[in-house]
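Each chain gets a letter, A, B and so on, in the order the sequences are listed, and its residues count up from 1. The figures here come from the full heavy-atom set of this structure, side chains too, leaving out hydrogens, waters and symmetry mates.
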Amino acid sequence: MNKIKCFYEKLLEKYGLQGWWPLLDCKGCNPTKTGSIQGYHPGDYSYPKNENQRFEICIGAILTQNTSWPQVEKALINLKKINAINPEKIKNMEISELCHAIKPAGYFNQKAKKLKIFSEFYINLKGKKPTRDELLALWGIGPETADSILLYAYKLPSFVADAYTRRIFSSMGLIKKYETYDNIKKLFEDNLEKDFKLYQEYHALIVEHAKNNKNKKL
DNA sequence: AACCAGGACGTGA
DNA sequence: TCACGTCATGGT
């Protein structure tokens, strides 16, 4: 077994299934994460179950840019209260109202603009799956956000190589300290079977592991 | 009280 | 390409 896969097995044994992406409303979800609403669903890969949840994941991916998840949850709850976890609604609502709702997640001016742009794009998809290049072409969608959307909202095997991944695997000596995003992504995809469930768990486990060791140097 | 959080973009060199 | 600065709130 290669080192990439081997490390996955060790993380899984240590932390268990993570059940990402967290959703506001999923009955029977396992409330295991502290400081979080009951959004995780370990072992259940049937989410998103509808377009509503798919869109929620997409805007959550945008809102969580450089922001902790509990702050994003507050923003999502605000949006839900005004029936705004909906692309048509976000596209048409006042920008000031949108800014106010997502304020807890920070960068509200930029993120409101990003949500507007993405909502229009989402509407034009008409149910079709976006490509990575289409997502990257949008203002406000970078590689990590694009991969998160593909992997969690559309269940496509696109590995999310975030800052934690670079930190952990460079300290393990498996990649260079300043390896590019795309090269790290490729390393994982080359060493793992193309399975969206595996990609989801691995990425979530990396985040969990990094949080657990944030005071250590790894 | 600095520093970070499930980044991305704009600018100047 | 690359090094910085900017964006903003709330935790620790």
Reading nucleotides 7-12 of chain C 5' to 3', which nucleotides get B (base under 4.0 Å from a protein heavy atom), which S (sugar-phosphate only), which -? BBSSS-

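Under 3.5 Å, the side chain of A/Y40 and the base of B/dG6 form at least one donor-acceptor pair of N or O atoms.
Salt-bridge check for A/E120 with A/K116: failed, with every basic side-chain N at 4.0 Å or more from each acidic carboxylate O. Salt bridge status for A/K10 with A/E13: absent, with no side-chain N to carboxylate O gap under 4.0 Å. For A/R132 and A/D182, the salt-bridge test passes: some basic side-chain N is under 4.0 Å from an acidic carboxylate O.
The residue among A/H203 and A/K113 whose nearest nucleotide of DNA chain B is located toward the 5' end is A/H203.
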Decide side-chain hydrogen bond (donor to acceptor under 3.5 Å, both in side chains) for A/K197 and A/Q200; before the verdict, give the C-alpha distance in whole Å, the side-chain angles of both, and the deciding distance to 0.1 Å. CA-CA 5 Å; A/K197 301 176 184 177; A/Q200 288 183 352; over 6 Å; no

Apply ring-ring contact (aromatic ring centres under 6.0 Å, His included) to A/F169 and A/F7, showing your working. CA-CA 10 Å; A/F169 288 84; A/F7 189 62; 5.3 Å; yes

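A straight line from CZ of A/R166 to P of B/dA5 spans 14 Å, rounded to a whole angstrom. The interatomic distance linking A/Y178 (OH) with C/dC4 (P) rounds to 10 Å, in whole Å. One interatomic measurement links the two molecules: CG of A/L63 to C1' of B/dG6, which rounds to 12 Å at whole-angstrom precision. The distance between atom CG of A/D182 and atom P of B/dA8, rounded to the nearest whole Å, is 11 Å. Atoms CD1 (A/I117) and P (B/dA8) sit 14 Å apart, rounded to a whole Å. One interatomic measurement links the two molecules: CG of A/L23 to P of B/dG6, which rounds to 18 Å at whole-angstrom precision. Rounded to an integer number of Å, the gap from A/L76 CG to B/dG6 C1' is 13 Å. Taking atom CD of A/Q18 as the reference point, atom C1' of B/dG6 lies 13 Å away to the nearest angstrom.
Applying the side chain to side chain donor-acceptor pair (under 3.5 Å) test to A/N183 and every residue at least two apart in sequence or in another chain returns A/E179, A/T180.
Going from the P atom of B/dC3 to that of C/dG5 covers 14 Å, rounded to whole Å. For the C1' atoms, the distance linking C/dC7 with B/dC4 amounts to 15 Å, nearest Å. Using C1' as the reference atom, B/dA2 and C/dA8 are 16 Å apart when rounded to the nearest Å. Taking atom P in both C/dG10 and B/dC9, the straight-line distance is 24 Å, to the nearest Å.
Distances shorter than 4.0 Å separate none of the side-chain N or O atoms of A/R167 from OP1 or OP2 on B/dC4. Checking the phosphate oxygens (OP1, OP2) of B/dG6, no side-chain nitrogen or oxygen of A/W21 falls inside 4.0 Å.
For residues 140-163 of chain A, proximity to DNA chain C is found at no residue, defined as any non-hydrogen atom under 4.0 angstrom from a strand atom.
Separating the CD1 atom in A/I4 from the CG atom in A/L187 is a distance of 4.0 Å, to the nearest 0.5 Å. Taking OH of A/Y154 as the reference point, atom SG of A/C58 lies at 5.0 Å (rounded to 0.5 Å).
Taking the six-membered ring wherever Trp is involved, the centroid distance between the rings of A/H209 and A/Y15 falls below 6.0 Å. Ring centroid separation for the pair A/W21 and A/W69 comes in under the 6.0 Å cut-off.
For B/dA8, the base is not stacked against the aromatic ring of A/W139, per a cut-off of 5.5 Å between centres and 30° between planes.
Under the Watson-Crick or G-U wobble criterion, with both distances below 3.5 Å, C/dG10 is paired with B/dC4.
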